[in-house]
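Proteins come first, then strands; the chains are lettered A, B, ... in the order of their sequence lines, and each starts at number 1.
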Amino acid sequence: MNIFDNYLLEINDIILSNKDILNLENLENLNNVNLEIPPEHFDFDLSTNVSLVLAKENKINPNSLANSIKDLLLKKINHFEIIEVAGPGFLNIKLSKEGIANNIDDILENRDSYGSKKSNETYNIEFVSANPTGPMHVGHCRGAIFGDVLSNLLSFNGNQVVKEYYINDYGNQIKNFVESVYLRIREIKFQEKFPVKENLYPGEYIKEIANNIIKNNNKIKVDNFNNSFEELKKLSLEGSMSLIKNDLKQLGITHDIFFSETEIVKKNLVNKAIKKLKNKNFVEEGFLDPPKGESFKNWKKVKRLIFKSSKFGDDTDRALQKNDGSWTYFANDVAYHSDKIDRKFNKLINILGADHTGYIKRISAAVSALSNFQVSLNCKVCQLVKLYKNGKPFKMSKRAGEFISAQDLLNEVNKDAIRFMMLSRSNDIELDFDFEKVKEKTKDNPVYYVQYAYARINSIIRIINKNLDDKITIDKKSFSLNEFEEKILRKIFEWPKIIESASLKYEPHKIPFYLYELSTLFHAYWSKGNENNEFRFIENGALKREESLAFLHLIAIVIKNGMNILGVSLPEKM
RNA sequence: GCGCCUGUAGCUCAACUGGAUAGAGCGCUUGGCUACGGACCAGGAGGUUCUGGGUUCAAAUCCUAGCAGGCGCACCA
């Protein structure tokens with residue numbers, strides 16, 4: 001259900017079947033034709049560039065073509081009442097009363113699915129994937145919320161979406177992490193001082209994990225690190241993952257699958273994946289050049305397995321083995337993505353932090369190579385979150401053990417405000433996040449502004465003893481709209497467009513912007529009622545006009561659909 | 001040195017992915033409430049869309065050469 005798609009289809013059909021009358025020979029660019037909302041000052045419902053597009057390739061004057069098309073459309077589409085040719089050849093269209101009524105009915109009929117566009121892809125979205133060496137920090141929250149909302153958005157359109165978390169529970173960092181827990185346990189048990197050592201994790205949460213391990217495993221031995229490593233690793237990872245999962249839960253985020261890197265190694269998936277690439281001649285033994293830029297003291301020229309990612313647009317080929325012959329992180333990740341491909345997703349999406357930008361080309365290359373370009377991997381990068389408190393910058397430093405955790409944030413700000421705020425910027429730009437501002441309950445804080453609009457609608461519905469779940473229809477003959485309602489209705493017709501472009505480019509930030517604008521129109525309408533009785537919805541506890549009930553429903557439907565996708569709650573009273 | 005991202009009003013950002021007179025919020029400024037919920041609204045001022053060149057009916061958007069800022073450039077994860 002999409003007002004634009006429906007009418008555009010009709011327009012295209014009419015053009016096609018009347019190409020002779022219109023003197024058109026070339027119609028190849030018909031799919032470049034679009035139907036949109038015209039700029040506000042034109043006061044029209046729809047606008048199309050059809051004559052501009054077709055005039056060009058047929059080398060005729062766009063204005064005269066526009067006039068011919070105008071006559072044709074007025075004759076053939078009875079929902080189109082007035083059409084005006086404007087500017088270089090745009091067609092601005094006003095819908096008839098019947099046309100408007102039909103579209104309103106469609107929305108009231110479709111409700112929860114209004115705005116969705118049927119699509120049937122299978123998506124795998126990997127997001128968060130924070131290292132399991134400690135709780136989430138604020139930077140992770142952005143990617144976490146982005147991934148969650150993108151998943152909601154794609155599900156809203158009917159796609160199959162699997163949300164996945166890749167646990168990097170392998171390698172040196174985990175060893176250091178487990179050792180840190182080990183030493184904290186010894187500290188607690190034997191009052192040994194926790195050493196100051198470069199690679200250890202000094203954070204307070206390590207003590208928490210250590211304490212929990214002691215509490216639940218009174219037989220655990222900590223005499224020798226190597227001997228107790230495996231058991232301690234398991235327990236420590238459980239400890240840190242439960243911290244992370246708890247953070248995610250409080251942010252309203254769930255994953256369908258937690259995929260362990262250790263499992264990949266254990267199941268020998270790396271060998272399998274590398275063999276696949278070898279068979280295609282994309283892997284060979286060889287030498288890499290030393291890295292440019294900084295100098296690396298540990299770099300050695302050693303013969304090793306190399307993935308020829310430069311054949312797929314990467315800047316250089318990439319190592320699959322370390323000096324000692326063991327697999328690199330990248331090799332494990334190739335295996336992981338090979339597994340995703342085997343699980344038959346046709347679209348893969350990874351949500352990454354800005355510090356992983358340099359990794360995109362090589363992993364995309366791997367997916368292209370493994371799938372013969374059949375599966376697309378799209379990496380969305382979330383730029384940094386810059387924290388402020390009362391205008392003063394807040395610094396994070398995980399190494400020093402003094403980072404602002406997701407928990408710190410959640411202690412001060414509620415989930416709804418965090419989610420809305422984190423999405424109120426395009427993922428491509430840095431986000432300034434001020435603790436104090438997000439706590440404000442004013443229009444400076446857009447989430448309350450939108451919620452407030454919804455609460456106001458509910459207060460009317462309460463007064464007249466109705467329910468937003470009630471099925472309603474409008475009287476197509478008698479209904480009429482005032483200027484405010486016309487404006488709001490056009491905004492509501494725009495909703496499917498927002499969803500379409502947000503899901504096409506994976507840009508969920510369009511939704512908060514849109515909801516804010518819709519709320520603005522509603523608040524303006526409401527305030528007019530305070531000035532002028534004529535514009536009030538109710539009088540003496542009863543509805544003044546039947547159509548205003550439909551109106552309140554329309555707005556509520558769109559706000560609700562939008563906030564559901566954002567995962568932000570909508571209180572009926574505030 | 002190389003790659004990715006960004007550059008739009010004093011500040012923070014939009015702009016339906018090539019459309020018409022580039023829009024919001026904050027800030028500044030002038031007004032409006034004892035309420036259908038003021039957690040709100042209306043008006044005003046504010047622009048060489050970083051710079052130069054190109055593509056076309058049409059460029060903030062595409063191409064190209066620069067400039068400025070951010071992130072990254074491993075056999076770490």
Student: Between P on rU6(B) and NZ on Lys386(A), what's the gap in Å once rounded to a whole number?
Tutor: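 Between P of rU6(B) and NZ of Lys386(A): 15 Å.
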Student: Applying salt bridge (charged side-chain N to carboxylate O under 4.0 Å, His left out) as the test, list every pair that has at least one member in residues 315-331 of chain A; sequence neighbours left out.
Tutor: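 The answer is Asp314(A)-Arg318(A), Asp315(A)-Lys361(A).
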Student: Can you list everything that forms a salt bridge (charged side-chain N to carboxylate O under 4.0 Å, His left out) with Arg142(A)? Sequence neighbours excluded, please.
Tutor: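 By the salt bridge (charged side-chain N to carboxylate O under 4.0 Å, His left out) rule, Arg142(A) matches no residue at all.
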Student: Is the CZ atom of Phe493(A) crowded by more than 12 outside heavy atoms at less than 6.0 Å?
Tutor: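 Atom CZ in Phe493(A) is packed in, count exceeds 12.
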Student: Between the protein and nucleotides 17-22 of chain B, list the N/O to N/O atom pairs that are separated by less than 3.5 angstrom.
Tutor:
{"residue": "rU17(B)", "atom": "O4", "partner": "Glu507(A)", "partner atom": "OE1", "Å": "2.5"}
{"residue": "rU17(B)", "atom": "O4", "partner": "Glu507(A)", "partner atom": "OE2", "Å": "3.2"}
{"residue": "rA20(B)", "atom": "N6", "partner": "Ser47(A)", "partner atom": "OG", "Å": "2.4"}
{"residue": "rA20(B)", "atom": "N6", "partner": "Asn92(A)", "partner atom": "OD1", "Å": "3.2"}
{"residue": "rA20(B)", "atom": "N1", "partner": "Asn92(A)", "partner atom": "OD1", "Å": "3.1"}
{"residue": "rA20(B)", "atom": "N1", "partner": "Asn92(A)", "partner atom": "ND2", "Å": "3.1"}

Student: So, does Lys437(A) get its side chain near the phosphate of rG25(B), meaning an N or O under 4.0 Å from OP1 or OP2?
Tutor: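 For rG25(B), neither OP1 nor OP2 has a side-chain N or O of Lys437(A) closer than 4.0 Å.
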Student: Which pairs with one or both residues in residues 446-459 of chain A pass salt bridge (charged side-chain N to carboxylate O under 4.0 Å, His left out), sequence neighbours excluded?
Tutor: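 Sorted pair list comes back empty.
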Student: Applying salt bridge (charged side-chain N to carboxylate O under 4.0 Å, His left out), can you list everything that pairs with Glu40(A), at least two apart in sequence or on another chain?
Tutor: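 With neighbours one apart ignored, the set is Lys487(A).
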Student: Has Arg456(A) got a side-chain N or O lying under 4.0 Å from the OP1 or OP2 atom of rG38(B)?
Tutor: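 For Arg456(A), the contact criterion (side-chain N or O under 4.0 Å from OP1 or OP2 of rG38(B)) is met.
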Student: Report the distance from atom NZ of Lys59(A) to atom C1' of rU56(B), rounded to the nearest whole Å.
Tutor: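 In whole Å, rU56(B) C1' lies 14 Å from Lys59(A) NZ.
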Student: Could you check Thr520(A) against Ile360(A) and say which one's nearest nucleotide on RNA chain B is further toward the 5' end?
Tutor: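 Going by which nucleotide is closer to the 5' end, it is Ile360(A).
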Student: Less than 4.0 angstrom between a side-chain N/O of Trp526(A) and OP1 or OP2 of rG38(B), yes or no?
Tutor: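 Trp526(A) to rG38(B) OP1/OP2: side-chain N or O found under 4.0 Å.
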Student: Sequence neighbours left out, cut at 3.5 Å: what donor-acceptor pairs do the side chains of residues 48-56 of chain A make with other protein atoms?
Tutor:
{"residue": "Thr48(A)", "atom": "OG1", "partner": "Asn34(A)", "partner atom": "O", "Å": "3.0"}
{"residue": "Thr48(A)", "atom": "OG1", "partner": "Val50(A)", "partner atom": "N", "Å": "3.1"}
{"residue": "Asn49(A)", "atom": "OD1", "partner": "Asn34(A)", "partner atom": "N", "Å": "2.9"}
{"residue": "Asn49(A)", "atom": "ND2", "partner": "Asn34(A)", "partner atom": "OD1", "Å": "3.3"}
{"residue": "Ser51(A)", "atom": "OG", "partner": "Gly89(A)", "partner atom": "O", "Å": "2.6"}

Student: Consider the side chain of Tyr516(A), meaning its heavy atoms from C-beta on, and name the nucleotide among rA24(B), rA39(B), rC41(B) that approaches it most closely.
Tutor: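 That would be rA24(B).
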Student: How is Lys528(A) classified with respect to the nucleic acid when contacts are heavy atoms under 4.0 Å: base, sugar-phosphate, or nothing?
Tutor: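 The residue Lys528(A) makes no contact with any strand.
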Student: Do any pairs count as a salt bridge (charged side-chain N to carboxylate O under 4.0 Å, His left out) and have a residue in residues 510-522 of chain A, sequence neighbours left out, and if so which ones?
Tutor: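 Pairs touching residues 510-522 of chain A that pass the test: Lys491(A)-Glu517(A), Glu507(A)-Lys510(A).
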Student: In terms of the nearest nucleotide of RNA chain B, which residue is placed more toward the 5' end: Met574(A) or Glu494(A)?
Tutor: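 Its nucleotide being nearer the 5' end, the pick is Glu494(A).
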Student: Return the set of residues passing side chain to side chain donor-acceptor pair (under 3.5 Å) with Asn414(A) (not counting sequence neighbours), or none when no residue passes.
Tutor: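 Residues passing side chain to side chain donor-acceptor pair (under 3.5 Å) with Asn414(A): Tyr448(A).
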Student: Regarding Gly529(A), tell me which of base, sugar-phosphate or nothing describes its non-hydrogen contacts under 4.0 Å with the strands shown.
Tutor: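 Base, at least one base heavy atom under 4.0 Å.
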Student: Apply ring pair (Phe, Tyr, Trp, His ring centres under 6.0 Å) to Phe4(A) and list each qualifying residue two or more places apart in sequence or on a separate chain.
Tutor: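 Phe4(A) satisfies ring pair (Phe, Tyr, Trp, His ring centres under 6.0 Å) with no other residue.
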Student: Going by ring pair (Phe, Tyr, Trp, His ring centres under 6.0 Å), name the residues that satisfy it together with Phe42(A), two or more places apart in sequence or in a different chain.
Tutor: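 By the ring pair (Phe, Tyr, Trp, His ring centres under 6.0 Å) rule, Phe42(A) matches no residue at all.
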Student: So what does Ile429(A) hit on the nucleic acid, given a heavy-atom distance under 4.0 Å: a base, only sugar-phosphate, or nothing?
Tutor: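 Sugar-phosphate contact only.
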Student: What is the pairing partner of rC16(B), taking Watson-Crick or G-U wobble pairs with both distances under 3.5 Å in any strand?
Tutor: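 Answer to the pairing question: none, since rC16(B) forms no Watson-Crick or G-U pair.
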Student: Of all the nucleotides listed (rG38(B), rG3(B), rA77(B)), which has the minimum atom distance to the side chain of Lys361(A)?
Tutor: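 From the listed options, rG3(B) comes nearest.
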Student: Base, sugar-phosphate, or nothing for Ala55(A), non-hydrogen atoms under 4.0 angstrom?
Tutor: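 No contact at all - Ala55(A) keeps every heavy atom at 4.0 Å or more from the nucleic acid.
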Student: Are any protein N/O atoms closer than 3.5 Å to N/O atoms in nucleotides 69-72 of chain B? If there are, list each pair with its distance.
Tutor:
{"residue": "rG70(B)", "atom": "O2'", "partner": "Glu430(A)", "partner atom": "OE2", "Å": "2.5"}
{"residue": "rC71(B)", "atom": "O2'", "partner": "Ala354(A)", "partner atom": "O", "Å": "2.7"}

Student: Reckon Phe513(A) touches a base, only the sugar-phosphate, or nothing at all at heavy-atom distances under 4.0 Å?
Tutor: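 Touches sugar-phosphate only.
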Student: Among rC40(B), rA14(B), rG37(B), find the nucleotide with the atom closest to the side chain of Tyr449(A).
Tutor: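 Given the options rC40(B), rA14(B), rG37(B), the side chain of Tyr449(A) is closest to rC40(B).
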Student: Using the 3.5 Å cut-off, write out each protein N or O paired with an N or O of nucleotides 45-47 of chain B and the distance between them.
Tutor:
none

Student: My understanding is that a pair needs two contacts under 3.5 Å, Watson-Crick or G-U wobble. By that rule, which nucleotide pairs with rC2(B)?
Tutor: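 Pairing partner, where one exists within any strand: rG72(B).
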Student: For rA58(B), which nucleotide in any strand shown is its Watson-Crick or wobble partner with both distances under 3.5 Å?
Tutor: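 Its partner is none (no Watson-Crick or G-U wobble pair with both distances under 3.5 Å).
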Student: Heavy atoms only, 4.0 Å cut-off, all strands: where does Asp428(A) land among base, sugar-phosphate and nothing?
Tutor: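 Sugar-phosphate only.
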Student: Looking at Asp43(A) and Lys94(A), is there a salt bridge between them, counting it only when a charged N and a carboxylate O are closer than 4.0 Å?
Tutor: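 Asp43(A) and Lys94(A): salt-bridged.
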Student: If you look at every strand shown and take non-hydrogen atoms under 4.0 Å, does Gln321(A) touch a base, only sugar-phosphate, or nothing?
Tutor: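 Answer is sugar-phosphate: Gln321(A) comes under 4.0 Å of backbone atoms only.
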Student: Give a yes or no on this: more than 12 heavy atoms of other residues, nucleotides or ligands lie within 6.0 Å of atom NZ of Lys389(A).
Tutor: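 Enclosed.
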Student: Considering only rG37(B), rC41(B), rA77(B), which nucleotide approaches the side chain of Glu261(A) most closely?
Tutor: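 Nearest to the side-chain atoms of Glu261(A), counting from C-beta on, is rA77(B).
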Student: What is the distance, rounded to the nearest whole Å, between atom CZ of Phe522(A) and atom C1' of rG37(B)?
Tutor: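 Atom-to-atom, Phe522(A) to rG37(B), this comes out as 10 Å.
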